[in-house]
Every structure is written in C-alpha cells, then in structure tokens.
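Every chain is numbered from 1, with letters handed out A, B, ... down the list of sequences. The shown structure was predicted, so the numbers you read here are calculated from the model rather than taken from an experiment.
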2 protein chains.
Amino acid sequence: MSSREVPALLQRHGVQPTAQRTEIALAIFGNAGHQSADEVYETVNSGAIRVSRATIYNTLKLFVDRGMIRPVIVAPGKVFYDPNMAPHYHLYDTDTGELTDIGADQIEIHGLPTLPPGKQLDGVDVVVRLRSGADSKRGAD
Amino acid sequence: MSSREVPALLQRHGVQPTAQRTEIALAIFGNAGHQSADEVYETVNSGAIRVSRATIYNTLKLFVDRGMIRPVIVAPGKVFYDPNMAPHYHLYDTDTGELTDIGADQIEIHGLPTLPPGKQLDGVDVVVRLRSGADSKRGAD
DNA sequence: GTGCTTGCAAATGCTTTGCACAAAA
DNA sequence: TTTTGTGCAAAGCATTTGCAAGCAC
C-alpha cells in the first residue's frame with residue numbers, strides 16, 4: 001500500500017484523511033507484521049512528521065471501530081494491531097514476543113457451541129502459544 | 001473443594017499452605033466460575049481474614065507458575081483466572097464481561113501449523129467472542 | 001465560524017516492587 | 001535463627017481523558 005492509496009482507504013471507511021492518520025495507516029498497512037501501539041508510535045515518529053501518543057491511541061481505536069484493523073491481545077497489556085481482517089489465527093512466541101499469522105486454512109474449527117439466545121458471534125480468537133527451550137520452564141508437575 | 005482439602009492441594013504443588021493462600025485457593029476452586037484478580041480480592045476479603053492486593057497478585061502468579069490455575073486474557077487489562085486446567089476453550093460476552101467454559105469436545109481444532117524448530121507448544125487459547133443486541137454495535141460499514 | 005483533530009499533561013486502572021514486620025521451619 | 005510470606009505504599013506501564021490551540025470545510 002502506497003501513501004497515495006491510503007487517503008482513499010480512510011475515506012472508504014468514513015475516516016477523514018489527515019496527515020497523522022495517513023502516517024499511522026501507512027505504518028500499519030505499509031509495513032508487514034503486527035505492531036503494538038508503541039511500535040506504531042515509534043514507526044510513525046521515525047519519519048518526518050510528529051504524532052503524539054494520544055493521537056496514536058485515538059486513531060488506533062478509530063480504525064478498530066471502523067473495521068479497518070483488529071486488536072490481538074496476547075498478554076495483559078500486550079496488544080497488537082492486525083491489518084489483516086480476513087479470518088485467520090495467531091502464533092505467539094512467549095519468549096520473543098513475536099506474533100505470526102496462521103492462515104484460516106491451517107486450523108480448522110468445527111462445531112462451535114450453540115450461542116445463548118439474543119447473542120451473536122463477534123469473532124473467534126485463536127492464539128497458539130509457543131515457548132522456546134525444551135525445558136526452559138516448568139517446575140511442578 | 002472444601003477448606004480441608006485445599007492445604008493438601010497446595011502442598012501437592014509445592015506451595016506452603018498459609019492462611020492467605022488457603023483462602024485464595026478456596027475462593028478460586030470453591031466458587032464456580034472464573035474470577036479476575038480483583039474479584040478474588042473481594043471474595044477473599046468478604047470473609048473473615050484480610051488479604052492485601054499485593055498478596056493476591058503474588059499468590060495468583062505463584063499458582064499460575066505452579067500449574068494450578070491458568071490466566072485467560074479476554075481484553076487488555078482483563079484477566080480471569082481459570083481453575084480448570086483441562087483442555088477447554090472460552091466464550092466471552094463482550095457486553096456483560098461474562099466468561100464461560102466451552103468443553104474441549106465442543107470445538108475441534110484440526111491441523112495445527114508446523115512449529116518452528118526449537119519451539120514447543122505452550123497451549124492453544126480459543127476465545128469465542130459474543131455481543132448481545134442484534135444491532136447494538138457498529139456504525140460504519 | 002463551526003466542527004473535527006491534535007497534543008500536552010494529568011488521570012486512570014491494573015499490576016509489580018521495595019522494604020520492614022510477622023510467621024514458619 | 002534463618003528462611004519464607006505478608007502488607008503497605010510507592011512505582012510502573014499502557015491507555016484514556018480534559019481542555020486549549022490548530023485545521024478543514
């Protein structure tokens with residue numbers, strides 16, 4: 001995604017394309033992976049323009065509300081923002097903190113439970129957790 | 001689980017059974033559902049003895065380390081502690097904040113991705129997210 | 001000019017930590 | 001006595017918010 005396409009993307013989602021929002025969107029959609037709010041802040045501010053943390057957070061929330069990105073929660077206080085809205089899952093490395101996509105086709109989920117009446121499905125989050133060493137953890141058992 | 005069995009449970013996991021830890025364990029294993037750290041704090045302190053937040057957090061972490069309970073993260077800053085260590089998944093109601101178990105047999109996951117070399121599976125977290133009203137949310141689209 | 005945006009800094013909410021006192025081994 | 005556990009209050013993070021100044025239409 002180029003900086004030329006971003007404003008159109010924003011408008012398509014009913015978001016007024018300002019310089020800051022364009023930079024933030026570019027940081028998220030331009031770069032590959034998933035970034036935390038703080039990483040987005042760093043990415044954006046490493047460039048020419050300067051964007052405050054407040055704006056980063058406000059904008060991220062706006063993008064989530066508008067269905068442009070989705071938050072992936074991997075640990076308390078560890079939220080990544082995922083520009084991939086297609087159904088898919090995640091691989092999280094507990095040691096490195098790295099988050100990787102798993103295609104929807106790589107995990108099959110069958111037989112979701114019956115939903116309570118009046119409720120509707122909002123989404124299914126799957127996080128596969130990895131740890132490095134063969135015996136890096138554990139003590140009991 | 002009665003207050004008589006708890007000390008044995010703690011010792012079985014290499015945890016010295018103190019009055020506070022017994023109360024905390026009782027709050028988690030005695031009551032049904034999942035509780036947040038704060039709910040455990042309330043539950044414990046509604047009884048006779050008084051336990052500080054520091055001890056609640058320290059003990060919860062200790063229990064997690066010892067494999068007695070597991071944390072379930074449903075939202076940033078929203079962690080529940082689940083006394084059920086058997087493989088199973090969760091249903092989270094975004095509106096009420098209620099967390100319900102889904103038996104491992106109610107969802108089938110097939111074809112986990114190949115793990116990178118040197119890594120091993122730490123667990124698979126599945127959270128099925130619900131929202132209430134038919135049109136309670138959304139604004140864009 | 002009116003309304004939406006931005007940024008600062010203060011505030012919030014949850015969790016962790018340092019240190020002294022209390023209890024257990 | 002030596003080790004381990006507890007509690008208070010302060011510190012730490014990530015995130016949110018109030019309010020004034022800036023921009024866009």
Non-neighbouring partners of A:Thr55 that pass side-chain hydrogen bond (donor to acceptor under 3.5 Å, both in side chains), sequence neighbours left out: A:Ser52
Polar side chain donor-acceptor pair, A:Asp101 to A:His34, under 3.5 angstrom: yes
Under 3.5 Å: donor-acceptor pair, side chain of B:Glu42, backbone of B:Glu39: no
Whole angstrom value for the distance that separates P of D:dT4 from CZ of B:Arg21: 11 Å
NZ/NE/NH1/NH2 to OD/OE distance under 4.0 Å, B:Arg129 and A:Asp122: no
Any donor-acceptor pair under 3.5 Å from A:Ser36 side chain to A:Val79 backbone: no
A:Gln35 side-chain N/O to A:Ala27 backbone N/O, donor-acceptor pair under 3.5 Å: yes
Shared hydrophobic cluster, A:Val44 / A:Leu10 (ILVMFWY, side-chain heavy atoms < 4.5 Å): yes
Residue pair A:Pro83 / A:Gly33: nearest heavy atoms and the distance that separates them: CD-O, 4.3 Å
D:dT6 phosphate, OP1 or OP2, under 4.0 Å from B:Thr55 side-chain N/O: no
Residue pairs fulfilling salt bridge (Lys or Arg N to Asp or Glu O under 4.0 Å) with at least one residue in residues 77-93 of chain A, sequence neighbours excluded: A:Asp93-B:Lys119
Member of A:Val74, A:Val128, A:Leu130, A:Thr100 meeting the side chain to side chain contact (heavy atoms under 4.5 Å, CB included) criterion with A:Tyr92: A:Val74
Opening and closing nucleotides of DNA chain C in contact with chain A, under 4.0 Å to non-hydrogen atoms: C:dC4 to C:dC8
Separation of B:Leu62 CG from B:Met68 CE (nearest 0.5 Å): 8.0 Å
Short side-chain to backbone donor-acceptor contact, A:Arg21 and A:Gln16, under 3.5 Å: yes
Stretch residues 70-77 of chain A: residues that reach within less than 4.0 Å of DNA chain C through a heavy atom: none
Matching residue for B:Arg53 among B:Asn58, B:Asp38, B:Asn45 - test: side-chain hydrogen bond (donor to acceptor under 3.5 Å, both in side chains): B:Asp38
Under 4.0 Å protein heavy-atom contacts per nucleotide of nucleotides 17-25 of chain D, with B for base, S for backbone only and - for none: B--------
DNA chain D contacts among residues 38-51 of chain A, heavy-atom distance under 4.0 Å: none
Separation of atom CD in B:Glu23 from atom P in D:dG7, rounded to whole Å: 12 Å
Below 4.0 Å: OP1/OP2 of D:dG5 and any side-chain N or O of B:Thr18: no
